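Below, chains carry the letters A, B, ... as their sequence lines are ordered, and counting in each starts from 1. Since the model is a prediction, treat every value here as computed from it, not as a measurement. What you see below is based on every heavy atom in this structure, not just the backbone, and it leaves out hydrogens, waters and symmetry mates.
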Number of protein chains: 2
Amino acid sequence: MISQKAKYALRALVSLAKAGQGKTMVIGEISQQQAIPKKFLEQILLELKRAGFVTSLRGRSGGYCLLRAPEDIRFGEVLRLIDGPVAPLPCLSLIAYRKCDDCSNETNCEVRHVFMRVAMATRQVLDSTSVADALAGTGAEL
Amino acid sequence: MISQKAKYALRALVSLAKAGQGKTMVIGEISQQQAIPKKFLEQILLELKRAGFVTSLRGRSGGYCLLRAPEDIRFGEVLRLIDGPVAPLPCLSLIAYRKCDDCSNETNCEVRHVFMRVAMATRQVLDSTSVADALAGTGAEL
DNA sequence: GCTATACCCTAGCGTATTAGTAGAGATTAA
DNA sequence: TTAATCTCTACTAATACGCTAGGGTATAGC
């Protein structure tokens, strides 16, 4: 299960992409449109900003807008930012590899072999599907 | 990420399958072989027993052994038993569907569409790979 | 029978994570 | 000046995770 926060982040990006590139939305709009608690969304958008997905304008007629093109924002990137590794086991993570304490010889760990295939399958989807694909309902269709 | 407990459960089943069908192992053996805390493993084996994956003999020369054939124990089944739904979103779970609070029209939820594909990809692996496959290093190979 | 060795069962516990809330501050347009 | 906006830090209640503790119950072998 992905976290609620990651889901909110993706929805927020979808909202911004729908608005059109360069168009800004205020937090309140996104929050209402997507039924996301406003103060929580604030934090999420800040994280997305720090990571370079969106940018913001402060003050009276401020708001958020996409910084990167919707075609260039992959679901996998957002998930890794918000939830951390996508991998089902620490010993299979690209961004945060960690040896399993209870695994002596990793190369012939049966469990790892199976989840390696799970990891590849999910990455295949998450790292090839962009926000633009999601809007179009397409993207690396099987 | 799958839980440590689920990983232990799978490893325990792999150990029992390696021992051979009908062969019993005591908790201590499995615990040592797989570096699983013994008391924790007790609980896990008990759950696996209640779910019908293994059976046990009590008393002096007791132990656990597989009840179902290794070919018939899919990774997905074990994961669902120990960790709950395999799906990345509650609204995509087969065993515990729940509508997302923040989702008005599920059928055109962009996020859901993408994760539907993730769900199908992971199920494809988890529900087609058995403990026997894991031991053989094969099983629904791509 | 007795006892040692297994499995069976329930409860609890420390830590971390999740899903937010709260509230003050900084910036800018009108 | 002020009202609307983003920025930042801190806190919190609830839950889950990864165990540990300590009994209880059955059975084989002496």
Q: Please state whether the base of dG20(C) and the side chain of Lys38(A) form at least one donor-acceptor pair under 3.5 Å?
A: no
Q: Please output the side-chain donor-acceptor pairs of residues 84-97 of chain B that fall under 3.5 Å, not counting sequence neighbours, one pair per line with the distance.
A:
unit_1: Ser93(B); atom_1: OG; unit_2: Ile95(B); atom_2: N; d: 3.3
unit_1: Ser93(B); atom_1: OG; unit_2: Ala96(B); atom_2: N; d: 2.8
unit_1: Tyr97(B); atom_1: OH; unit_2: Glu106(B); atom_2: OE1; d: 3.3
unit_1: Tyr97(B); atom_1: OH; unit_2: Glu106(B); atom_2: OE2; d: 2.8

Q: So which protein nitrogen or oxygen atoms get under 3.5 Å of nucleotides 26-29 of chain D's nitrogens or oxygens?
A:
unit_1: dT27(D); atom_1: O2; unit_2: Arg60(B); atom_2: N; d: 3.3

Q: What is the separation between atom CZ on Phe40(A) and atom P on dA13(D), rounded to the nearest whole Å?
A: 17 Å
Q: Show the atom names and distances, to 0.1 Å, of all donor-acceptor pairs under 3.5 Å that link a side chain in residues 30-40 of chain A to residues at least two apart or in another chain.
A:
unit_1: Ser31(A); atom_1: OG; unit_2: Ile36(A); atom_2: O; d: 2.9
unit_1: Gln33(A); atom_1: OE1; unit_2: Ser15(A); atom_2: OG; d: 2.6
unit_1: Gln34(A); atom_1: NE2; unit_2: Arg11(A); atom_2: O; d: 3.4
unit_1: Gln34(A); atom_1: NE2; unit_2: Ser15(A); atom_2: OG; d: 2.8

Q: For Asp83(B), give me all partners under side-chain contact (heavy atoms from CB on, under 4.5 Å), at least two apart in sequence or on another chain.
A: Ile2(B), Ser3(B), Ala6(B), Leu79(B)
Q: Please state how far atom NZ in Lys5(A) lies from atom C1' in dT21(C), giving the value in whole angstrom units.
A: 14 Å
Q: Can you sort out the partners of Glu110(A) under side-chain contact (heavy atoms from CB on, under 4.5 Å), two or more places apart, ordered by chain and number?
A: Val14(B), Lys18(B), Ala134(B), Leu135(B)
Q: CD1 of Ile36(B) versus P of dT20(D): gap in Å, rounded?
A: 12 Å
Q: Tell me every residue that passes side chain to side chain donor-acceptor pair (under 3.5 Å) with Asn108(A), counting only those two or more places apart in sequence or in another chain.
A: Asn105(A)
Q: To the nearest angstrom, how far is Ile30(B) atom CD1 from dA6(C) atom P?
A: 12 Å
Q: Going from OG on Ser128(B) to CZ on Arg117(A), what distance comes out if it is rounded to the nearest 0.5 angstrom?
A: 6.0 Å
Q: Looking at Tyr8(A), I'd like to know whether one of its side-chain N or O atoms comes within less than 4.0 Å of OP1 or OP2 on dA19(C).
A: no
Q: Is a side-chain N or O of Arg68(A) found less than 3.5 angstrom from the main chain of Asp72(A), in a donor-acceptor match?
A: yes
Q: Going by salt bridge (charged side-chain N to carboxylate O under 4.0 Å, His left out), name the residues that satisfy it together with Arg74(B), two or more places apart in sequence or in a different chain.
A: none
Q: Rounded to the nearest Å, what distance is computed from the CD atom of residue Glu42(A) to the C1' atom of nucleotide dA4(D)?
A: 12 Å
Q: Is Leu67(A) reachable from Ile82(A) through a run of I, L, V, M, F, W or Y residues, each pair having side-chain heavy atoms under 4.5 Å apart?
A: no
Q: Among dC6(D), dT20(D), dA6(C), which nucleotide sits nearest the side chain of Val26(B)?
A: dA6(C)
Q: Starting at CD1 of Ile27(B) and ending at P of dC7(C), how long is that distance when rounded to a whole Å?
A: 4 Å
Q: Would you tabulate the side-chain donor-acceptor contacts of residues 41-51 of chain A under 3.5 Å, counting partners in other chains and residues two or more places apart, or write 'none'?
A:
unit_1: Glu47(A); atom_1: OE2; unit_2: Lys5(A); atom_2: NZ; d: 2.7
unit_1: Lys49(A); atom_1: NZ; unit_2: Ser56(A); atom_2: OG; d: 3.0

Q: Please compare Ser56(A) and Ser3(B) by the position of their nearest nucleotide in DNA chain D and report the one closer to 5'.
A: Ser56(A)
Q: List in chain and number order the residues that pass side-chain contact (heavy atoms from CB on, under 4.5 Å) with Cys65(B), two or more places apart in sequence or in another chain; answer none if no residue qualifies.
A: Thr24(B), Thr55(B)
Q: Whole-Å distance between dC8(D) P and Leu41(A) CG?
A: 16 Å
Q: Can you tell me how far C1' of dC9(C) sits from NZ of Lys39(B), to the nearest Å?
A: 9 Å
Q: Do any of residues 43-53 of chain B sit with a heavy atom less than 4.0 Å from DNA chain C, and if so which?
A: Gln43(B), Leu46(B), Lys49(B), Arg50(B)
Q: So does Lys7(B) reach the base of dG18(D) with its side chain, donor to acceptor, closer than 3.5 Å?
A: no
Q: Only counting residues at least two apart or in another chain, list the ones meeting side chain to side chain donor-acceptor pair (under 3.5 Å) with Thr122(A).
A: none
Q: Just checking Gly63(A): base, sugar-phosphate only, or nothing, at a heavy-atom cut-off of under 4.0 Å?
A: sugar-phosphate
Q: What are the residues of residues 73-105 of chain B, sorted by number, that bring a heavy atom to within less than 4.0 Å of DNA chain C?
A: none
